[in-house]
Amino acid sequence: MGVDLTDLAPKHEIELKELSGKIIAIDAFNTLYQFLSIIRQPDGTPLVDEKGQVTSHLSGIIYRVTNLIELGIKPVFVFDGKPPLLKAETIKARAEVREAARQMYEAAVEEGSAEAYKYAQAATSINAQIIEDSKTLLGYMGIPFIVAPSEGEAQASCMVSKGAADYVGSQDYDSLLFGAPRMVRNVTITGRRKVPRRNIYVDVKPEIVELKETLETLDITREQLIDIGILVGTDFNPGIYKVGPKTALKLVKKHKNMQEVFGELEQTIENYEEIKEFFLHPPVTDDYHIAWGRPEPAKIKHFLCDEHSFSQDRVEKVVERLEKAVVETGKQKTLSAWF
DNA sequence: CGTTATGA
DNA sequence: TCATAACGG
C-alpha cells in the first residue's frame, strides 16, 4: 500500500497498555482496509448482513475500538478527503489489480479452490457505503473522526506535529515522510496474526517509530528520507525496479542530489518534484475539534442489530463494556478532552 | 480481526 | 484454567 521502510526505521516494541492516555490519530482507510481484508471466512467471504452489505469493518471497529478505550487509549479517526491528482495513476492501477483479483476469486470459488481467500483479500475495496457506515458507528460510539482535505496520513501527521495527537496510527510509514514526529504500527491489529503458509500464530505488538531517531540513526535529513521513500515507491509513484530501502539509502547518501541518483540509475521518476513537494507541504487543516463523547447504546444497537444483522446479545455485551470503559476513563481527570 | 464454544 | 476450533454477519 504505502511507503515501506521496514528494516530501515528503528522501531520499539511496546505493550498496547503503555499507550494508555495517549491520543492516536488513526489512519481510517488503512484500518478499514485491514479489517475488510482480514475479517473473512476461510473461503474468503466477508461478514455480511441480510441485505448482503459487507459488515466486517463494523465488527472490527466495535470490538477493536472498545478494547482501545478500555485501555484508556484515545483514538481519533482521520479519513481521506479528495485524493490528490498525483495519485490518479496509482488509484487506476490498484483498481485494475483488484478487478483481476476479483475475477480470480470468482473462478476460485467456482472450483472450490483454497486460493479463494487470497484472491478475496486482494480484491478488497472500500466504497462510499463502507465509509459512511464506519463514520456512523464511530459517531454513535462517541469516537471523534475528522475528514482530511486530502490524504488522511498527511492530516494525522500534522495533528501530531502540532501536539493535537501523540501518535499517528498506521501500518505504513508515509507519516514519517509527512513529518510526523512519532507513529505507532499495529494498534488496530494487535493480537495474534497467522504466519503465512504455516498454521501458527505469533503475537503482534505495537511498534513505535520516531522520526528524529530514524533520521539520526540513518544520518540523513527528512528530505533524504522522502527521497528514499520515492525511490522505493509511494502512493504517488511505483518506485524503481529492484530498489528497496537498503539500496535507496545507499543511493541517497552517495549522491548530493536526486539528479545524480537518477544519473546513476539511468532513469528518472515521473513527477519527482511534485511528489516531494506534496510530502513537504500537503494540504491539511487546523479546522477541527476533537472530543470523545458518551456512547449512545440504543443507536448502536439499532444500527448494528436492526440494520446490519448483528446479534443482540453480542452487541449488548460489547456496548456495556464500552460504556463502562468510558465512564472509568472519564473519571480520570488526567485525561483531557473526554466529554 | 475478536469473541465464543468446547473439551482436556 | 487454558489452548484451540469455529463462529460472527
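All chains are named by letter (A, B, ...) in the order of the sequence lines, taking the proteins before the strands, and each is independently numbered beginning at 1. Scope of the values below: all heavy atoms of this structure, side chains included, with no hydrogens, waters or symmetry mates.
What separates NE2 of A/His57 from C1' of B/dG2 is a distance of 16 Å, to the nearest Å. Distance NZ (A/Lys317) to C1' (B/dA5): 11 Å, rounded to an integer number of Å. Here the P atom of nucleotide B/dT4 and the CD atom of A/Glu316 are 12 Å apart, to the nearest Å.
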A/Tyr272/A/Phe262 under ring pair (Phe, Tyr, Trp, His ring centres under 6.0 Å): CA gap, chis, key distance, verdict
CA-CA 11 Å; A/Tyr272 164 70; A/Phe262 293 148; 5.5 Å; yes
Output, in order, the C-alpha distance, side-chain angles, deciding distance and verdict of salt bridge (charged side-chain N to carboxylate O under 4.0 Å, His left out) for A/Arg94 and A/Asp235.
CA-CA 10 Å; A/Arg94 284 179 185 165; A/Asp235 282 348; 2.9 Å; yes
Ring pair (Phe, Tyr, Trp, His ring centres under 6.0 Å) between A/Phe279 and A/Phe236: does it pass, once the steps are laid out?
CA-CA 10 Å; A/Phe279 278 114; A/Phe236 316 110; 5.5 Å; yes
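No side-chain heavy atom of A/Leu58 sits less than 4.5 Å from a side-chain heavy atom of A/Ile130.
Connectivity analysis of hydrophobic side chains (ILVMFWY, heavy atoms under 4.5 Å, direct or indirect) links A/Val284 to nothing; its cluster partners are none.
A sub-4.0 Å separation between OP1 or OP2 of B/dT3 and a side-chain N or O of A/Arg321 is present.
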Name every donor-acceptor pair, under 3.5 Å, that has one atom in a side chain of residues 41-51 of chain A and the other anywhere in the protein, sequence neighbours excluded.
residue: A/Asp43; atom: OD1; partner: A/Thr45; partner atom: N; Å: 3.0
residue: A/Asp43; atom: OD1; partner: A/Thr45; partner atom: OG1; Å: 2.7
residue: A/Asp43; atom: OD2; partner: A/Thr45; partner atom: OG1; Å: 3.1
residue: A/Asp49; atom: OD1; partner: A/Lys51; partner atom: N; Å: 2.9
residue: A/Asp49; atom: OD1; partner: A/Gly52; partner atom: N; Å: 3.0
residue: A/Asp49; atom: OD1; partner: A/Gln53; partner atom: N; Å: 2.9
residue: A/Asp49; atom: OD2; partner: A/His308; partner atom: ND1; Å: 2.8
residue: A/Lys51; atom: NZ; partner: A/Glu307; partner atom: O; Å: 3.1

Enumerate all atom pairs, one protein N or O and one N or O from nucleotides 7-9 of chain C, separated by less than 3.5 Å.
residue: C/dG9; atom: OP1; partner: A/Ser311; partner atom: N; Å: 2.7
residue: C/dG9; atom: OP2; partner: A/Ser311; partner atom: N; Å: 3.4
residue: C/dG9; atom: O3'; partner: A/Thr55; partner atom: OG1; Å: 2.7
residue: C/dG9; atom: O3'; partner: A/His308; partner atom: O; Å: 2.8
residue: C/dG9; atom: O6; partner: A/Gln41; partner atom: NE2; Å: 3.4
residue: C/dG9; atom: N1; partner: A/Gln41; partner atom: NE2; Å: 3.4
residue: C/dG9; atom: N2; partner: A/Pro46; partner atom: O; Å: 2.5
residue: C/dG9; atom: N2; partner: A/Val48; partner atom: N; Å: 3.4
residue: C/dG9; atom: N3; partner: A/Val48; partner atom: N; Å: 3.0
residue: C/dG9; atom: N3; partner: A/Val48; partner atom: O; Å: 3.4

